[in-house]
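Before any comments, here is the structure.
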Amino acid sequence: MASPTPCVTRFAPSPTGFLHIGGARTALFNWLYARHHGGIFRLRIEDTDRERSTEAAIAAILQGLDWLGLHHDAEVVHQFARAPRHRAVADELLAAGKAYRCYASAAELDAMRAAQKEAGQPIRYDGRWRDRDPAEAPAGAPFVVRIKAAQTGETIIADQVQGDVRFANAVLDDFVLLRSDGTPTYMLSVVVDDHDMGITHVIRGDDHLTNAARQRQIIDAMGWPVPVYAHLPMLHGEDGAKLSKRHGALGIHEYEALGYLPEAMRNYLLRLGWSHGDDEVISTEQAIAWFNLENVGRSPARVDLKKLESLNAHYMREADDTRLADIVLGLRAQAGETPASEAARAMLIRAMPGLKARARTLTELRESAGFLFAVRPITLEPKADALLNPTARERLGALRDTLASSDWNAESLEAAVRAFVEREGIKLGDIAQPLRAALTGRMTSPPVFDVLAVLGPEEALARIDDRRLPSE
RNA sequence: GCGCCCUUCGUCUAUCGGUUAGGACUCCAGAUUUUCAAUCUGGCAAGAGGGGUUCGACUCCCCUAGGGCGCGCCA
């Protein structure tokens, strides 16, 4: 039963860099909240910082969200394009006497702050133009527009995660709404955009918690409805240090390159700060059904690649073989390998069940699938080479014709080899390992019989011939 | 400096006054196996410190310590 006024959430990154894991989680929670309630998830690019915003960053953010599968509803809002509207709101506030012009120069304000710091005073705008007669304004001098914020009483943010957070209005100052060049500040733009976009729930990082109190001043001055707030604890790097561009934080696209599946990333991100009892493996469908704000934790969390990897291994095992095969093929193409034939692709798909059970990331999967594409004589890993001693080679030679006369499927091949082992009075491992080495060049691979079957008689026998010593 | 937020195993977390403080990842051991994984079994490992409130605190309150965020004509 859809609510008559569905909730509207938004993810509002500033395109000054790539989408990092913290932003990705914020986006996920907003998306999940909207999906859970049958609401709308919107995207807004906060590009009002003309100096630092780049098209490349916007593209990276869009691409990152797309990869994660967090598709937004309605059109993307570019904040800078809405500057005239933001300005109009500032003018409205000015006309209503809820904002005022401040003619203090940057140098003057710097001096003010320095003096406050010196005196051990709180650092904030002192309201020097708040009640001054506009007539005193220096003619033609540049000015900024500041909000006339409440000075007494308190502002309470009823945060869904942090609880009621109270701020004495005395600690809030008259922040800038419009810069001297007439452009709106972030504080104004956010409030106006959230209002105009019909945002009902503001779910964002808790670095914005104190901003919420400031933004509330504008909301109240305009008489607009107050959105529901939920401030999420920050994420930290593995070393516990702050997660930022300059502390080695990876862009979400880099996790993709590292070989993680988007569904694994979603599950991992979900558990970073949100819980549902003891549940760990949570599908996206389940997440949508379960997600809520009540179970968001209040403390910051560290990123742990090991856990992501473990989840990734789980999702890979569940993933469709054809999908994984095509991902591997894509990775090989990226690495400059020659395109695989349709036959090779089919072979890869057939080998996938054995391959995916052994890999934790897509990159590992690509590596372990390498033997399928190797050209004879295949390269041997040192250990595999060492294993293929004369004895092992002779055994391969003895086994060769037994295999050649067997039906070519894993079951028959296994039966043939077991019979061979029986006859020779050796252990299965004595022949299985050399066979693996000859076939794959490695010490580990999917079950050898599957490898034989997948490779096909011609290629498999040829690889054995490359290593065998004639048996007497 | 001022304000706000946070604090359970190494990490992510459960617990909503009464539990031998549970689960997951990591690590270790064992079982299984042609290898490696997977799987199964078992193990190591936690309430920052100090005061209260209470018959009883991880849980509620206060203080301290530590960490984070904000205090910009950045977002």
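Numbers restart at 1 for each chain; the letters A, B, ... are given by sequence-line order, proteins then strands. The figures here come from the full heavy-atom set of this structure, side chains too, leaving out hydrogens, waters and symmetry mates.
- Under 4.0 angstrom from either OP1 or OP2 of B/G72 there lies no side-chain N or O belonging to A/R179.
- For B/C36 and B/G22, the C1' atoms lie 32 Å apart once the distance is rounded to whole Å.
- Using a 4.0 Å heavy-atom cutoff across all strands shown, A/R146 reaches sugar-phosphate atoms only and no base atom.
- Between the CG atom of A/D278 and the C1' atom of B/C12 there is a distance of 12 Å, given to the nearest Å.
- Checking the phosphate oxygens (OP1, OP2) of B/U26, a side-chain nitrogen or oxygen of A/R360 falls inside 4.0 Å.
- Put simply, CG on A/N169 and CD on A/E154 are 7.5 Å apart, with the number rounded to the nearest 0.5 Å.
- Taking the C1' atom of each, B/G68 and B/A29 are spaced 40 Å apart, rounded to whole Å.
- Figure legend: cation-pi geometry between A/R146 and A/Y125, with NZ or CZ positioned under 6.0 Å from the six-membered ring centre and within 45° of its axis.
- Side-chain N/O atoms of A/R436 and base N/O atoms of B/U35 include a donor-acceptor pair closer than 3.5 Å.
- Taking 3.5 Å as the limit, the base of B/C36 and the side chain of A/R442 contain no donor-acceptor pair of atoms between them.
- Not one side-chain nitrogen or oxygen of A/S445 sits closer than 4.0 Å to the OP1 or OP2 atom of B/C36.
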Given ring pair (Phe, Tyr, Trp, His ring centres under 6.0 Å), test A/W129 with A/Y103 step by step and report yes or no. CA-CA 7 Å; A/W129 282 92; A/Y103 294 86; 5.0 Å; yes
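- Of the candidates B/G3, B/U34, B/A75, the closest approach to any side-chain atom of A/V171 belongs to B/G3.
- For A/F29 and A/F291, the ring centers sit closer than 6.0 Å to each other.
- Across B/U59 and B/G51, the matching P atoms stand 14 Å from one another, rounded to whole Å.
- Spacing of P atoms, B/A48 relative to B/C58, comes out at 10 Å, to the nearest Å.
- Rounded to whole Å, the P atom of B/A37 lies 50 Å from the corresponding atom of B/C71.
- The phosphate of B/A14 has OP1 or OP2 within less than 4.0 Å of a side-chain N or O from A/S275.
- Of the candidates B/A75, B/C12, B/G3, B/A75 carries the atom nearest the A/D49 side chain, counting heavy atoms from C-beta on.
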Strictly under 3.5 Å: I want the nitrogen or oxygen pairs between protein and nucleotides 5-9 of chain B, one per line.
from	atom 1	to	atom 2	distance (Å)
B/C5	O3'	A/Q162	OE1	3.2
B/C5	O2'	A/Q162	OE1	3.2

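- Here A/R418 reaches the OP1 or OP2 of B/U34: one of its side-chain N or O atoms lies under 4.0 Å away.
- Residue side chain A/S180 reaches the base of B/C73 through a donor-acceptor N/O pair under 3.5 Å, judged by distance alone.
- The same atom, C1', is picked in B/G23 and in B/A45; the two are 14 Å apart, to the nearest Å.
- Taking atom P in both B/C61 and B/C6, one finds a spacing of 10 Å when rounded to whole Å.
- Rounded to whole angstrom, the span from the CE atom of A/M234 across to the P atom of B/A75 amounts to 18 Å.
- Side-chain N/O atoms of A/N211 and base N/O atoms of B/A75 include a donor-acceptor pair closer than 3.5 Å.
- If you run side chain to side chain contact (heavy atoms under 4.5 Å, CB included) between A/R10 and each of A/H201, A/H72, A/R204, only A/R204 comes through.
- Contact annotation: side chain of A/E280 to base of B/G23, donor-acceptor pair present below 3.5 Å.
- Residue A/F449 is in base contact, counting any heavy-atom pair closer than 4.0 Å across all strands shown.
- Residue order along RNA chain B, read from the 5' end via each residue's closest nucleotide, puts A/A168 first among A/A168 and A/Q79.
- Between the C1' atoms of B/U32 and B/G49, the separation comes to 48 Å (whole Å).
- Place A/N295 and A/V448 on RNA chain B by their nearest nucleotides, and A/N295 ends up nearer the 5' end.
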